[in-house]
Amino acid sequence: MNIELEELAKEFGTERALHPVSLFIPSGALISLLGPSGSGKTTLLRILAGLEFPTSGRVRFDGADATGLSVQDRRAGFVFQHYALFRHMTVFENVAYGLRARPRRERPTEAEIGRRVTRLLDLIQLPDIGARYPNQLSGGQRQRVALARALAIEPRMLLLDEPFGALDARVRKELRQGLREIHDNTGLTTVFVTHDQEEAMELADLVVVMSMGRIEQVGKPAEIRARPATEFVRTFTAV
Amino acid sequence: MSDIVLSRPVPVTTEPPLARALLVGLAILFVAIFLFAPLATVFAEALAQGWRGMIAALSLPDAQAAIRMTLSIAVIAVPLNAVFGIAAAWAIAKFDFRGKAFLITLIDLPFSVSPVVAGLMLVLLFGANSSLGVWLMAHDIRIVFAFPGILLATLFVTFPFVARELIPVMIEQGRTEEEAALTLGASGWRTFFTVTLPNIRWALLYGVLLCNARAMGEFGAVAVVSGKIRGETATMPTMVEMFFNEYLSVAAFTLASVLAMLALLTLLLKSLLEWRHADLLAATCRH
Ligand SMILES: Nc1ncnc2c1ncn2[C@@H]1O[C@H](COP(=O)(O)OP(=O)(O)O)[C@@H](O)[C@H]1O
Ligand SMILES: [Mg+2]
């Protein structure tokens with residue numbers, strides 16, 4: 001599914017989190033929103049998910065207007081910065097949550113839910129942790145469970161807010177590879193937020209550099225390296 | 001291999017044994033004097049004429065009416081305030097809106113107003129001297145010196161307990177788990193019942209127990225608004241006072257011990273639940 005942002009702006013009271021921004025995300029792309037803290041990355045991602053509504057501008061999914069579409073109807077797989085796993089549920093129940101939340105007619109049977117959860121836990125290479133609670137997992141494991149939970153709803157797109165932010169360097173490398181593989185296997189349009197330019201350059205097909213609520217440049221990693229459009233992009237992406 | 005002798009692990013927070021013994025002793029002494037002794041006295045006085053005296057006291061119509069009144073009030077007031085408390089805490093913890101600080105102050109109001117004043121407020125508002133009271137009387141609706149007045153007084157006095165327990169817990173937990181549920185397709189109600197409510201259940205239980213204890217034990221506000229009519233509007237606490245003033249000490253202390261037993265029962269219930277769900281409690285308290 002492709003995503004189109006048209007002159008999207010967001011104000012919190014008097015504070016402008018996003019100046020009108022426009023962006024086209026091709027179907028199946030893995031793109032990164034890169035920028036320093038406070039540049040509006042999370043706000044943009046939350047608008048895509050339907051967790052926040054823009055002050056003005058439009059969002060289109062495959063050309064159809066989705067600006068007013070409710071968060072439930074967007075079917076965006078969202079991975080939160082601190083994972084936001086349900087702390088009182090086991091890993092199995094966390095992953096099954098989205099399937100159980102479906103209206104009765106579309107809800108899979110218990111056996112089918114079990115099969116799907118098992119398959120997802122295999123996919124994130126944590127087949128044996130279904131019975132554990134989130135506080136019994138390491139940071140990297142929590143992140144992967146959050147990803148499996150988001151994938152369980154058969155999302156139309158995958159949105160990740162600083163998915164590797166709180167992890168140590170080795171785990172981060174591993175999970176980056178994991179995300180790349182999952183993206184390539186599912187073909188989902190994927191947007192991830194990061195403030196780490198190395199991570200963005202290494203993982204993304206397309207990098208969107210943001211600063212102070214504005215998009216500074218959109219391009220392939222090599223393009224941005226070779227021809228930074230603004231002084232900000234030059235300094236921020238300098239190694 | 002090295003021959004370092006592994007010594008007993010020393011706790012980081014350690015005090016000299018004497019200081020420790022002193023502190024523990026002091027705590028026990030305090031509990032004994034201020035908690036256990038009065039409670040024991042109540043039961044001892046109730047049993048001054050043996051079980052017969054106690055049973056006789058409990059079969060007094062006034063005592064039975066008071067027990068019925070108190071239980072009926074608690075049965076209605078506690079669930080209502082649990083719902084109000086959850087709603088208020090939810091609004092405060094999970095949403096930003098104008099007048100939020102004012103709402104928080106308002107929730108604390110019943111704690112800062114003396115219960116007697118609260119009772120008087122209701123009497124002035126609904127009593128025969130106000131135009132509202134006159135109107136109510138004309139339509140044969142009795143609030144003051146009747147069940148609705150006692151209920152209102154109890155609701156007012158016990159309102160803060162549930163909300164005060166829930167607000168810090170809900171603020172600490174933030175709203176990302178709820179947001180996660182929404183992105184997974186859950187409706188607002190489903191999110192509330194499957195994510196919000198389970199996350200606050202222990203704080204809620206605690207708030208409900210405190211609320212219940214106060215609802216059954218409230219004296220001041222209820223004394224003013226009920227008029228303490230024996231057999232009609234007297235509650236257990238007000239009936240205890242009336243028995244006591246009439247030198248019916250066995251009856252007074254018997255009713256008092258029933259009240260104390262109800263309180264102990266709720267505490268027991270809470271401990272039981274905590275014990276039954278210890279593993280879940282450990283898993284969910286800290287992330
Ligand atoms: N709920 C909110 N209320 C008020 N201001 C907000 C809110 N969310 C974000 N902001 C503001 O919007 C700007 C962009 O924030 P954000 O999108 O979180 O940036 P980033 O994710 O790039 O760090 C910041 O200045 C932030 O203070
Ligand atoms: Mg952010």
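This structure is a prediction, so every number in the text was calculated from the model and none was measured. Below, chain A is the first sequence line, B the second, and so on; all start at residue 1.
The number of heavy atoms from other shown groups lying within 6.0 Å of NE2 (A:H195) does not exceed 12. Few gaps surround CZ on B:F97; more than 12 heavy atoms of other groups in view lie less than 6.0 Å from it. Open room surrounds CE on A:M212; 12 or fewer heavy atoms of other groups in view lie less than 6.0 Å from it. Heavy-atom neighbours of B:F111 CZ from other residues, nucleotides or ligands within 6.0 Å: above the threshold of 12. In the displayed structure, A:Q125 atom CD is contacted under 6.0 Å by at most 12 heavy atoms of other residues, nucleotides or ligands. More than 12 heavy atoms of other residues, nucleotides or ligands lie within 6.0 Å of CZ in A:F92, so this atom counts as buried by the packing criterion.
Between chain A and the residues B:A186, B:S187, B:G174, the largest count of heavy-atom pairs under 4.5 Å involves B:A186. By number of non-hydrogen pairs under 4.5 angstrom with chain B, the leading residue of A:A101, A:P103, A:A146 is A:A101.
Residues of residues 45-68 of chain A having a heavy atom under 4.5 Å from any heavy atom of chain B, listed by number: A:R46, A:L51.
A donor-acceptor contact under 3.5 angstrom links the side chains of B:T194 and A:Y97, judged on distance only.
The two residues A:A84 and B:A180 have their closest heavy-atom pair at O-CB, 3.9 Å. Closest approach of A:R87 and B:N199 over heavy atoms only: CG-OD1, 3.4 Å.
A:R149 touches chain B through backbone and side chain together, each having a heavy atom under 4.5 Å away.
Expressed to the nearest 0.5 Å, how far CZ of A:F86 lies from OG1 of B:T191 amounts to 7.5 Å. Remark: B:E177 CD to A:H88 NE2 distance equals 7.5 Å, nearest 0.5 Å. Atom-to-atom distance recorded for A:I153:CD1 and B:T183:OG1 is 6.0 Å, nearest 0.5 angstrom.
Side-chain atoms of A:Q72 and B:L182, non-hydrogen and from C-beta on, do get closer than 4.5 Å to each other.
For residues 69-85 of chain B, the set of pairs meeting the side-chain hydrogen bond (donor to acceptor under 3.5 Å, both in side chains) definition, not counting sequence neighbours, comprises B:N81-B:T158.
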